[in-house]
Amino acid sequence: MFELVKAGGWLMLPIIICSIAAAAICIERYIALNPAKIAPPNLLAQVWGWIKNNQLDASKIRELKTTSPLGRILAAGLSNSRHGREVMKESIQEAASHVVHELERYLNTLGTIAAVSPLLGLLGTVIGMIKVFTEIMLQGTGNAAVLAGGISEALITTAAGLSVAIPALIMHRFYSRRIDSVIVTLEQETIKLVDALHGDRQVDVKDN
């Protein structure tokens, strides 16, 4: 493996760095973007139980805020629920924007790696071919070893760049889709709470 990396030239170093960064981001996001941790399925029912039993106070709201991203959004809405539906919705939207920003953390970096890695491989290809044609001009086509080295460098960097870019792109799309799904769940849960407190219809908060 080391010989293969060495044969790829100095551009293998940034490609390897990209691969390590992509792997670290994928592992971190896999842990962070657990839907059950972001939006616990029974949290809204628990909050509604507090409300019906007159147990909702400042300490409960503080506790709710620390449980999960959904809890943080619900806590923001409950803190301003007495000011009316619109104020409650605005506070929920503000809290939700911060939560979404945290959910999308490092995804831009992962997307950049997916875009840059094949370009690094292409650059390695160009450099390798430049070496090949330089040797041809200087020595002709008689030195097959030198020519093979340049071609090998070109192919190795291209393969390495694509090997990093393809999984990074797949995981970027995967996590983007997961975030979209989680956001829909957060919206549904918060709408249930707003409608339950300020709506004209009864809302079953236990159907989540």
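Here the structure is a predicted model, which is why all the values come from computation and not from measurement. This chain uses plain numbering: 1 for the first residue, then up along the sequence.
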- Message: Please report the interatomic distance CH2(Trp48) to CG(Leu56), rounded to the nearest 0.5 Å.
- Response: 10.5 Å
- Going through the checks in order, is the side-chain contact (heavy atoms from CB on, under 4.5 Å) test met by Ile20 and Ile25? CA-CA 9 Å; Ile20 295 173; Ile25 291 172; over 6 Å; no
- Task: Over all heavy atoms of both residues, which pair between Ser91 and Ala76 is shortest? Give the atoms and the distance, please.
- Result: OG-O, 3.3 Å
- Does NZ belonging to Lys65 count more than 12 external heavy atoms closer than 6.0 Å? no
- What are the two closest heavy atoms between Leu120 and Leu11, and how far apart are they? O-CD1, 3.9 Å
- Task: Evaluate the criterion side-chain contact (heavy atoms from CB on, under 4.5 Å) for residue pair Cys26 and Tyr175; output intermediate values, then yes/no.
- Result: CA-CA 9 Å; Cys26 289; Tyr175 288 130; 4.3 Å; yes
- Query: Considering all heavy atoms of both residues, which atom of Leu64 and which atom of Ala75 are nearest to each other, and what is their separation?
  - Reply: CD2-N, 3.7 Å
- Item | Thr190 side, atom OG1; Leu70 side, atom CG - distance, nearest 0.5 Å | 7.5 Å
- Message: If hydrophobic clusters are built by linking Ile, Leu, Val, Met, Phe, Trp and Tyr wherever their side-chain heavy atoms come under 4.5 Å apart, do Val164 and Trp10 end up in the same one?
- Response: yes
- Message: Using only atom types and a distance under 3.5 Å, with no angle test, would you say the side chain of Thr125 pairs donor to acceptor with the backbone of Gly121?
- Response: yes
- Message: With heavy-atom distances below 4.5 Å as the criterion, would you say the side chains of Ile170 and Pro167 are in contact?
- Response: no
- Message: Check this for me: Glu94, atom CD, are more than 12 non-hydrogen atoms of other residues, nucleotides or ligands nearer than 6.0 Å?
- Response: no
- Look at Asp195 together with Arg85 and state whether they make a salt bridge at an N to O cut-off of under 4.0 Å. yes
- Query: Is Ile183 linked to Phe174 within one hydrophobic cluster, defined over Ile, Leu, Val, Met, Phe, Trp and Tyr using a side-chain heavy-atom separation of less than 4.5 Å?
  - Reply: yes
- Note on the structure: Here the pair of heavy atoms bringing Ala168 nearest to Ala22 is CB-CB, 4.5 Å
- salt bridge (charged side-chain N to carboxylate O under 4.0 Å, His left out) pairs, two or more places apart, involving residues 67-79: Arg72-Glu102
- Query: Can you check whether Ile16's main-chain N or O pairs, donor with acceptor, with Ser19's side chain at less than 3.5 Å?
  - Reply: yes
- How many angstroms lie between CD1 in Ile92 and CG in Leu193, if you round to the nearest 0.5 Å? 6.0 Å
- Query: With hydrophobic residues grouped by side-chain heavy-atom distances under 4.5 Å, do Leu110 and Tyr30 end up in a single group?
  - Reply: yes
- Looking at CD1 of Ile166 and CE of Met171, how far apart are the two atoms once the value is rounded to the nearest 0.5 Å? 14.5 Å
- Query: Could you give the distance from CZ (Arg178) to CD1 (Ile38), rounded to the nearest 0.5 Å?
  - Reply: 8.0 Å
- How long is the gap from CD on Gln93 to CD on Glu187, to the nearest 0.5 Å? 9.5 Å
- Task: Decide whether Leu162 and Leu169 are clustered together by the hydrophobic rule: side chain heavy atoms of Ile, Leu, Val, Met, Phe, Trp, Tyr closer than 4.5 Å, transitively.
- Result: no
- Query: Between Leu107 and Ile179, does a side-chain contact (heavy atoms from CB on, under 4.5 Å) hold up when you go through it step by step?
  - Reply: CA-CA 10 Å; Leu107 282 195; Ile179 289 172; 3.2 Å; yes
- Item | Cluster check Leu43, Leu78: I/L/V/M/F/W/Y, side chain < 4.5 angstrom | yes
- Item | Heavy-atom pair with the smallest gap, counting every atom of Met88 and Leu197 | CE-CD1, 3.5 Å
- Backbone N or O of Ala114 within a donor-acceptor pair of the Ser117 side chain at under 3.5 Å? no
- Measure the shortest side-chain to side-chain distance between Trp50 and Asp57 over non-hydrogen atoms and say whether it is less than 4.5 angstrom. no
- Not counting sequence neighbours, list each pair that qualifies as a salt bridge (charged side-chain N to carboxylate O under 4.0 Å, His left out) and has a residue in residues 14-41. none
- Message: Is it the case that the side chain of Asn42 and the backbone of Ala45 share a donor-acceptor pair, with hydrogens and angles ignored and the cut-off at 3.5 Å?
- Response: no
- Answer yes or no: is there a donor N or O on one side and an acceptor on the other, between the side chain of Asn34 and the main chain of Ala36, under 3.5 Å? yes
- Nearest heavy atoms of Thr157 and Ile15, plus distance in Å: O-CD1, 3.8 Å
- Determine whether more than 12 heavy atoms belonging to other residues, nucleotides or ligands lie under 6.0 Å from atom CG of Asn108. no
